> 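First, the structure itself, so that you have it in front of you.
Protein chains get the first letters and strands the later ones, always in sequence-line order, with residue 1 at the start of each. Everything numeric here is computed off the predicted structure, so don't read it as measured data.
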Number of protein chains: 2
Amino acid sequence: MKSLKYSRQRECIKTFLMGRKDHPTADTVYMHVRQEYPNISLGTVYRNLTLLSDIGEISRLNVGDGVDRFDADTSPHQHIVCTCCGCVQDIYLPDAEKILNYAGNFYGGIITTQTINFRGTCSDCLKISNNN
Amino acid sequence: MKSLKYSRQRECIKTFLMGRKDHPTADTVYMHVRQEYPNISLGTVYRNLTLLSDIGEISRLNVGDGVDRFDADTSPHQHIVCTCCGCVQDIYLPDAEKILNYAGNFYGGIITTQTINFRGTCSDCLKISNNN
DNA sequence: CTTGAAAATAATAACTATTACTGTTTTTAT
DNA sequence: ATAAAAACAGTAATAGTTATTATTTTCAAG
């Protein structure tokens, strides 16, 4: 039973994440937290991100672009990756759990969780392409 | 315009993939193809897997376990990862495209594709735990 | 307050999956 | 047959992440 001790670095990482909605990567977190703690190491960032997601305070997500991203919003929701600019945005699908239940009808085992990732073009990129 | 030339190695990789439903990783493909072509290199396996997925003959998938997997079935379907044994199985959700259309109502941009991954316990692992 | 054990840190090494490079071999159209 | 394009094997390099280690910080008990 390993107890948790306070650390300013972890606090700073958590606070940073809570202020962002763009699902930053570990490296992005590192770059920003370093402004407050110039000596922080990337390993510390990774260790705390992993710890925080292990205890459920943040979630780690993978939208298929080869990097792990982190999200302070742990409520159930979905993500969309813009194939134009690469941004990762939230989508809150009402009744998303119905999809999981529905899928259960077509599978012999038990389904417990689902991850839905969309891909498309974000509204900003749409505007830009319309300006041509 | 780069033309495609035949290669036995690529043929063998494709044939191997078509005979499998378990979404092998590049390394698994490598292990098996090496039985027929002992000198094949992992780079060749990766290059051909990438080429085949680029031209749409196979698909590359990422179920969030840090490794790319490959699937000779390019028809739209979903996957479930067993959190017990790690296997990756197919789920064919009827009318899955309705989810994508539905999601469009809650997003300002354009959604073009979706990837749905489930997690749970496969029927084999359920049997084993029931035997206790 | 001290103190000391547990936890966290910075720095760095190691690891894993994947891609890039290079000189040689294979394919295939002429 | 030949020669240019493509693919190859072998190997090096890259990127993202985790592990190791010696030092520092946290914090409960005295």
> Can you check whether Ser7(B) has a side-chain N or O nearer than 4.0 Å to OP1 or OP2 of dC8(D)?
yes

> Does a side-chain N or O of Ser3(B) approach OP1 or OP2 of dA5(D) to a distance below 4.0 Å, or not?
no

> Using a distance-only test with no angle check, is there a side-chain donor-acceptor pair under 3.5 angstrom linking Tyr107(A) and Asp90(B)?
no

> Measure from the side-chain heavy atoms of Ser41(B) and tell me the nearest of dA9(D), dA10(C), dT18(C).
dA9(D)

> May I ask you to check if Arg10(B) and Tyr6(B) form a cation-pi contact, with NZ or CZ under 6.0 angstrom from the six-membered ring centre and within 45° of the axis?
no

> Ignoring backbone atoms, test whether Arg8(B) places a side-chain nitrogen or oxygen under 4.0 Å from the OP1 or OP2 oxygen of dT26(C).
no

> Does Arg47(B) or Arg47(A) map to a spot on DNA chain D nearer the 5' end, using the closest nucleotide for each?
Arg47(B)

> Reckon Asn39(A) has a side-chain N or O less than 4.0 Å from the OP1 or OP2 of dT24(D)?
no

> With heavy atoms under 4.0 Å as the rule, sort Tyr46(B) into base, sugar-phosphate or nothing.
base

> Check the distance between dA9(D)'s P and Arg34(B)'s CZ and give it to me in whole angstrom.
12 Å

> Send over the distance from Ile40(A) CD1 to dT25(D) C1', rounded to a whole Å.
14 Å

> Nearest-Å distance, CG (Asn62(A)) to P (dT16(C))?
19 Å

> Give the nucleotide from the list dT18(D), dA7(D), dC27(D) with an atom nearest to the side chain of Lys5(A).
dC27(D)

> So, taking the atom named CD1 in Ile40(B) and the one named CG in Asn48(B), what distance separates them when rounded to the nearest 0.5 Å?
7.0 Å

> With a non-hydrogen cut-off below 4.0 angstrom, is Leu42(A) in contact with a base, only sugar-phosphate, or nothing?
base

> When you measure from the side-chain N and O atoms of Gln9(B) to the phosphate of dA9(D), is any distance below 4.0 Å, counting only OP1 and OP2?
yes

> Do the side chains of Leu42(B) and Val67(B) join up, straight or via other hydrophobic residues, at under 4.5 Å, putting them in one cluster?
no

> Map Pro38(B) and Tyr6(B) onto DNA chain D by nearest heavy atom, then report which one ends up closer to the 5' terminus.
Tyr6(B)

> Only one of Asp71(B), Ile91(B), Ile116(B) clears side-chain contact (heavy atoms from CB on, under 4.5 Å) with His77(B); which?
Asp71(B)

> Which nucleotide in the list dT18(D), dA8(C), dT18(C) gets nearest to the side chain of Leu51(A)?
dA8(C)

> Would Arg34(B) pass as a cation-pi partner of Tyr30(B), given that its NZ or CZ must be under 6.0 Å from the six-membered ring centre and within 45 degrees of the axis?
yes

> Quick one: label Asn48(A) by what it contacts on the DNA or RNA (base, sugar-phosphate, nothing), any heavy atom closer than 4.0 Å.
sugar-phosphate

> Is the closest side-chain donor-acceptor distance between Arg60(B) and Thr50(B) under 3.5 Å?
yes

> Using the side-chain heavy atoms of Lys2(B), tell me which of these nucleotides is nearest: dA6(D), dA8(C), dT18(C).
dA6(D)

> Short of 4.0 Å, heavy atom to strand atom, which residues of residues 64-73 of chain A count as contacting DNA chain D?
Gly66(A), Val67(A), Asp68(A)

> Thr44(B) side chain N/O closer than 4.0 Å to the phosphate oxygens (OP1, OP2) of dA9(D)?
yes

